[in-house]
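In what follows, chains carry the letters A, B, and so on, assigned in the order in which the sequence lines appear, proteins first and then strands, with residues in each chain numbered from 1.
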Number of protein chains: 2
Amino acid sequence: MIHKQKVRRSTRQRRLILDAVKDSLNHPSASDIYATLADSGIGIATIYRQLSALVEDGEIGSFEYQGEVRYDPIVQPHAHIVCSKCDKIWDVALPKGINNLAPTNDSFENFDVDLTWKGVCNDCR
Amino acid sequence: MIHKQKVRRSTRQRRLILDAVKDSLNHPSASDIYATLADSGIGIATIYRQLSALVEDGEIGSFEYQGEVRYDPIVQPHAHIVCSKCDKIWDVALPKGINNLAPTNDSFENFDVDLTWKGVCNDCR
DNA sequence: ATCACTATTGATAATGAATATCATTATCTT
DNA sequence: AAGATAATGATATTCATTATCAATAGTGAT
């Protein structure tokens with residue numbers, strides 16, 4: 001017997017958290033979103049729960065950097081550039097044709113790329 | 001006045017930790033190394049300290065995956081494949097010419113690539 | 001070898017991100 | 001409106017990692 005699909009409910013908290021990520025420009029962490037929504041009264045546990053759920057539902061993107069998960073309003077595949085001095089993160093297009101360079105063969109089915117360029121940004125030099 | 005260079009001492013602990021990473025095959029975490037060296041009596045703080053120092057000194061590599069830092073005996077630039085089911089990690093060559101695809105321009109000096117392919121391995125299918 | 005200097009160690013407390021628990025609240029379907 | 005249950009918020013807990021600090025042990029000079 002197949003597992004019954006758990007229905008996702010639309011709550012005030014979920015909407016606010018989604019909007020906060022969609023409106024973000026700095027690849028916020030969970031605590032960044034918590035701070036942004038400070039006067040909403042949303043608990044920190046809900047922030048974590050909904051961020052995970054939104055990623056799972058494909059509404060937002062995520063990646064980890066410096067020991068914490070960062071969230072991304074952009075869901076289309078793309079790469080990042082990070083400055084190792086100031087830890088700022090920029091979005092950048094994936095190199096054209098990168099998927100053709102994937103090590104896919106009959107022993108591994110490949111479906112996602114995580115690409116980050118690390119360097120020093122202009123401001124830090 | 002230039003900062004005085006702090007001299008790195010060669011200790012029993014450092015040698016054992018370096019050897020453990022160099023002999024590893026599974027991209028071990030700090031606690032993996034701690035477990036491997038359980039009967040050496042090395043404290044967990046020293047494991048963390050020396051792993052960081054070894055990375056800083058360019059003796060080993062590191063990257064983060066699933067909320068923890070993994071260490072790598074290979075220091076040459078290379079990519080990883082991870083299985084999202086069993087979390088196993090494989091080494092794989094960087095796509096040839098990837099550095100020519102870097103978004104380097106006069107506002108960002110690029111010196112490192114972090115590339116991970118994510119998929120499902122043969123065993124998990 | 002011994003000395004003096006100080007980097008390193010080990011035990012442990014502390015931090016910080018993320019998850020688990022659970023009684024209460026709010027959504028959704030009928 | 002009512003029943004079923006997903007979601008919430010407060011908080012305890014877990015887990016990886018770092019900070020603290022007295023004791024120990026490399027290292028270079030004598």
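Residues satisfying the side-chain contact (heavy atoms from CB on, under 4.5 Å) test with B:Glu68, not counting sequence neighbours, are B:Ser29, B:Arg70. Under the rule for a side-chain contact (heavy atoms from CB on, under 4.5 Å), the partners of B:Phe111 that lie at least two apart in sequence or sit in another chain are A:Ser84, A:Val120.
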Atom pairs and distances, side-chain donor-acceptor, residues 38-47 of chain B, under 3.5 Å, sequence neighbours left out:
{"residue": "B:Ser40", "atom": "OG", "partner": "B:Leu37", "partner atom": "O", "Å": "2.6"}
{"residue": "B:Ser40", "atom": "OG", "partner": "B:Ile42", "partner atom": "N", "Å": "3.3"}
{"residue": "B:Thr46", "atom": "OG1", "partner": "B:Arg49", "partner atom": "NH2", "Å": "3.1"}

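Side-chain N/O atoms of A:Thr11 include none lying less than 4.0 angstrom from OP1 or OP2 on C:dA26. Within the 4.0 Å cut-off from OP1 or OP2 of D:dA16, not a single side-chain nitrogen or oxygen of B:Gln66 is found. The side chain of A:Gln13 places no N or O atom within less than 4.0 Å of a non-bridging phosphate oxygen (OP1 or OP2) of C:dA26.
In this structure, the side chain of A:Glu109 does not engage the main chain of B:Gly119 through any donor-acceptor pair within 3.5 Å.
Atom CG in A:Asn26 sits 11.0 Å away from atom CG in A:Asp72 (nearest 0.5 Å). To the nearest 0.5 Å, atoms CD (A:Glu59) and CG (A:Leu51) are separated by 12.0 Å.
Minimum heavy-atom separation, A:Gln50 to A:Arg14: OE1-NH1, 3.1 Å.
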Short heteroatom pairs, N/O only, protein and nucleotides 17-23 of chain D, under 3.5 Å:
{"residue": "D:dT17", "atom": "OP1", "partner": "B:Val69", "partner atom": "N", "Å": "2.8"}
{"residue": "D:dT17", "atom": "OP2", "partner": "B:Tyr48", "partner atom": "OH", "Å": "3.0"}

Hey, what are the protein-to-nucleotides 28-30 of chain D N/O distances that come in under 3.5 Å?
none

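Other members of the cluster containing A:Phe63 are A:Tyr65, A:Val82, A:Ile89, with ILVMFWY side chains joined at under 4.5 Å, either directly or via other members.
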